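All chains are named by letter (A, B, ...) in the order of the sequence lines, taking the proteins before the strands, and each is independently numbered beginning at 1. Every value quoted in this text rests on a predicted model; they were computed, and no experiment measured them.
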Protein chains: 2
Amino acid sequence: MAEAGGMERSKLDNPEKHGAGTGTLGKALAVLEAVAMADRPQRFTDILQSVGQPRGTLHRLLGHLVDEGLLVQRQDLSYEPGLRLLKLAYRSWSGSRFRDIAEPYLLRLHDLTGETVHLGVLQETEIIYVDKVESRQTVRMSSQIGKASPAYCTGVGKAALSSLPPDELRRITARMEFRPFTARTHRSAAALLAEIEEIRRDGHAFDREEHEAEICCVAAPIAVQEHDLVAGVSVTGPSYRVSMAQLAIWAKDVRKAAAEIAEEVRIRLGPGRGER
Amino acid sequence: MAEAGGMERSKLDNPEKHGAGTGTLGKALAVLEAVAMADRPQRFTDILQSVGQPRGTLHRLLGHLVDEGLLVQRQDLSYEPGLRLLKLAYRSWSGSRFRDIAEPYLLRLHDLTGETVHLGVLQETEIIYVDKVESRQTVRMSSQIGKASPAYCTGVGKAALSSLPPDELRRITARMEFRPFTARTHRSAAALLAEIEEIRRDGHAFDREEHEAEICCVAAPIAVQEHDLVAGVSVTGPSYRVSMAQLAIWAKDVRKAAAEIAEEVRIRLGPGRGER
DNA sequence: GATCGTTGTTCCGCTATCTGGAACGGCGTC
DNA sequence: GACGCCGTTCCAGATAGCGGAACAACGATC
């Protein structure tokens with residue numbers, strides 16, 4: 001529908017997120033996402049209201065998604081994500097050159113601190129975790145690879161944001177919705193931008209229980225312009241075990257790791273070549 | 001447009017894998033898969049020959065995939081998987097009730113044996129790993145969640161196959177391509193079926209370096225008909241450390257874990273309810 | 001136990017969207 | 001400077017998607 005122009009492809013122009021539904025594929029993905037993001041199996045009607053799509057259309061769409069193995073329909077008629085998604089994602093994850101390069105540095109950082117280490121990539125207003133190293137005893141390994149968290153209240157997120165050029169930063173912060181997860185979460189773009197100024201100066205960012213209570217971290221930005229890569233590393237721990245003073249001490253190690261990763265990315269993936 | 005029947009949706013009816021390309025969505029996914037499965041960034045021409053699609057069509061398809069964030073086009077014009085895939089998969093993985101239920105049993109099995117524990121689900125001729133518990137020092141955690149391996153040469157795969165009804169088993173084995181990974185890999189459906197007969201009797205399966213040299217395992221099937229779930233658990237180790245005798249001893253623990261998981265799945269996800 | 005409301009499925013004419021052969025422009029090579 | 005390769009763009013034609021509306025199967029409600 002819309003989409004008159006012709007020139008511009010999709011760099012960053014569409015004001016909506018995806019989800020709206022460019023063409024047939026877009027609609028199908030909107031449905032897939034609606035099902036994947038829900039935390040319980042979705043029945044036809046559930047989906048019907050989350051994506052505003054006529055019944056007939058939705059029905060066919062779901063049929064196709066099931067045919068393709070992206071969704072599975074259970075005998076109680078509800079839908080849930082299929083395994084094909086996992087398989088597809090695995091290949092894209094395991095083939096990521098960036099993750100691969102960063103890994104040893106993450107391990108080193110973990111050995112040094114004994115705390116959980118995250119690697120995340122900025123994607124619009126969210127950061128998506130692409131790797132994680134944590135101690136055996138904690139919750140569950142890798143439980144959040146692929147997880148998306150808001151950028152404005154996470155260490156990696158804020159660090160990554162701090163490496164953006166001013167106009168890009170403005171564009172992105174403008175689209176944020178400042179949801180107060182804890183008492184300390186930023187509630188406005190102004191507050192966030194002020195802190196980002198500091199972060200830019202210091203070279204590292206803190207998360208002072210802004211996303212989850214009792215959880216804090218230090219993070220540093222990894223930015224490689226030549227590859228459109230805006231990311232961050234962090235060391236995270238529970239407040240009772242890790243003081244802000246301790247985090248401040250680790251800050252330089254995190255910065256160093258970030259710098260080394262960025263450097264190696266630049267070397268190993270020369271300008272002509274590519275990120276993967 | 002085939003799909004005359006009416007009742008059955010896509011249980012297992014289409015003779016082709018996916019990939020061929022049912023409708024528009026199918027074609028788009030075939031392209032996505034071609035890029036995701038390749039181990040380096042794909043240029044337009046590369047993709048052109050892997051999916052047999054006219055230039056014009058392919059070009060538009062790629063455009064849409066990029067618009068949707070499923071692919072990213074780099075400045076050297078090559079394509080690679082985008083992060084949206086990872087995000088989508090994360091949600092589907094973390095929301096899986098099955099994985100969640102199985103987890104404690106996997107951990108217990110790991111504590112008992114000290115070796116790597118896998119949880120995999122059968123998907124046609126492949127098994128897809130949905131969880132993994134391994135010792136800290138080994139390679140990398142979770143490095144193969146979402147990985148797809150052939151069913152005929154893995155412990156979990158063979159165990160899962162052994163729980164299928166005969167006709168279903170025949171249908172699936174008929175579609176397998178017996179690639180000899182090691183000297184001990186089954187080379188024919190006949191050989192595989194013979195072993196499956198034994199497995200069905202014993203209640204557990206061994207992988208005697210059939211997929212990778214120096215790697216072997218014991219596995220047991222987890223099958224819950226009411227939920228169309230055909231899966232398996234396994235304990236895996238390197239031959240130099242884990243003897244076949246040792247595996248035989250662990251067999252009963254693996255069987256027990258499998259039985260308990262199946263039981264809890266049945267209880268927690270009562271018939272009317274659902275898997276997720 | 002008849003009626004109404006809800007939920008999933010099917011139908012079918014309409015047209016938007018996808019289709020794909022062909023032509024175009026940019027680059028590097030011989 | 002001509003040739004060949006590669007990515008992109010165009011456009012008439014037709015397929016596949018579209019979606020309003022009718023239908024069937026339950027389950028509540030009175």
Exercise. Under the salt bridge (Lys or Arg N to Asp or Glu O under 4.0 Å) rule, collect the residues that match up with B:Glu263, sequence neighbours excluded.
Key: B:Arg266

Quiz item: Does A:Glu212 reach the side chain of A:Phe181, with side-chain heavy atoms less than 4.5 Å apart?
Solution: no

In whole angstroms, how far is the [atom2] atom of [N] from the [atom1] atom of [X]?
{"X": "B:Leu58", "N": "D:dG7", "atom1": "CG", "atom2": "P", "value": "10 Å"}
{"X": "A:Leu62", "N": "D:dG19", "atom1": "CG", "atom2": "P", "value": "14 Å"}
{"X": "B:Phe44", "N": "C:dG26", "atom1": "CZ", "atom2": "P", "value": "18 Å"}
{"X": "A:Leu65", "N": "D:dG17", "atom1": "CG", "atom2": "P", "value": "11 Å"}
{"X": "A:Gln49", "N": "C:dG8", "atom1": "CD", "atom2": "C1'", "value": "14 Å"}
{"X": "B:Arg43", "N": "D:dG7", "atom1": "CZ", "atom2": "C1'", "value": "10 Å"}
{"X": "A:Asp76", "N": "C:dT9", "atom1": "CG", "atom2": "P", "value": "11 Å"}
{"X": "A:Glu68", "N": "D:dA16", "atom1": "CD", "atom2": "P", "value": "14 Å"}

Exercise. For D:dG7, take OP1 and OP2 only and decide whether either is under 4.0 Å from a side-chain N or O of B:His59.
Key: no

Quiz item: Under the side-chain contact (heavy atoms from CB on, under 4.5 Å) test, which residues partner B:Ala258, sequence neighbours left out?
Solution: B:Ala220, B:Ile222, B:Val233

Quiz item: Do B:Tyr105 and B:Glu260 meet the criterion of a side-chain donor-acceptor pair at a distance under 3.5 Å?
Solution: no

Quiz item: Regarding B:Gln42 and B:Tyr79, is there a side-chain donor-to-acceptor distance under 3.5 Å anywhere?
Solution: no

Mind listing the N/O atom pairs, protein and nucleotides 18-23 of chain C, below 3.5 Å?
| unit_1 | atom_1 | unit_2 | atom_2 | d |
| --- | --- | --- | --- | --- |
| C:dC18 | OP1 | A:Thr24 | N | 3.1 |
| C:dC18 | OP1 | A:Thr24 | OG1 | 3.1 |
| C:dT19 | OP1 | B:Lys27 | NZ | 3.1 |
| C:dT19 | OP2 | B:Arg60 | NH1 | 2.9 |
| C:dT19 | OP2 | B:Arg60 | NH2 | 2.4 |

Quiz item: Is the number of heavy atoms from other residues, nucleotides or ligands within 6.0 Å of CZ (B:Arg200) greater than 12?
Solution: yes

Exercise. Please work out if B:Leu77 contacts a base, only the sugar-phosphate, or nothing of the nucleic acid, heavy-atom cut-off 4.0 Å.
Key: sugar-phosphate

